[in-house]
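Order of appearance sets the numbers: ligands from 1, and atoms from 1 within every ligand.
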Amino acid sequence: MRILLVEDDAMIGAAVSVALKDAAYAVDWVKDGVTAGGVLESAEHQAVLLDLGLPRRDGLSVLRRLRDAGSTIPVIIITARDGVDERIQGLDCGADDYLVKPFDVNELLARLRAVIRRQGGQAAPLLTNGKITLDSTTREACCGAVVEVLSAREFALLQALLLKPGVILSRAELEERIYGWNEEVESNAVDFLIHSVRKKLGAHLIKNIRGAGWMVEKPE
Ligand code: CA
């Protein structure tokens, strides 16, 4: 799961980045509105954390342009502007949620999980295809009687697959969801993760479609 963080404050940006990485997200961090707009055109992220007071282009303009372009990516505004009018404006511009600084990072993570779940059409905190169940709050994966806590990367891999059951995800698509821009990705990193998740939960749960990629089955 790959998040775009748009924040010009170095300290807040660094703290949020670390918290997101610890919570198994891949994070790309940009520091101004124009760069954010350009990056969002490539549509490689699954959610955006957006500051409002930004150099070069205000966060509300970034959001307006994004929605005008038809994007439905979940957006959480994170800002020190705490006036009611500002919040209403942010939500009216198409934000999914709004968090006023200073905020507790655990609250940010909970809200992020919630908007991502709703985007995936699942309101419950558990992601499941009927065989594997993944708990995004604890990173626990259950399959029958097997319950395993996954590593951050294993979790990111399984989450990507479970958000699109029945859809084949290629190596590049999986890498894009698991790793940020500045992370070195070994050529066999995805194979390695698939192997370790299969080892924990059972080999049959993730199907390999030769030459195309991997998938988990749709719920019956
Ligand atoms: Ca700012």
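- At a threshold of 3.0 Å, the Ca ion (ligand 1) has no backbone or side-chain N, O or S atom of Glu7 nearer than that distance.
- Not counting sequence neighbours, Ala203 has no partner by the side-chain contact (heavy atoms from CB on, under 4.5 Å) test.
- Per residue Asp8, closest N, O or S atom to the Ca ion (ligand 1): atom name OD1.
- By the neighbour-count criterion of 12 heavy atoms within 6.0 Å, atom CZ of Phe103 is densely surrounded, having more than that number from other residues, nucleotides or ligands.
- Of the angles at the Ca ion (ligand 1), the one spanning O of Gly53 and OD2 of Asp51 is 90° when given to 10°.
- Under the 4.0 Å criterion applied to side-chain N and carboxylate O atoms, Arg171 and Glu175 are not assigned as salt-bridge partners.
- Judged as a side-chain hydrogen bond (donor to acceptor under 3.5 Å, both in side chains), and not counting sequence neighbours, the contacts of Ser170 are Glu173.
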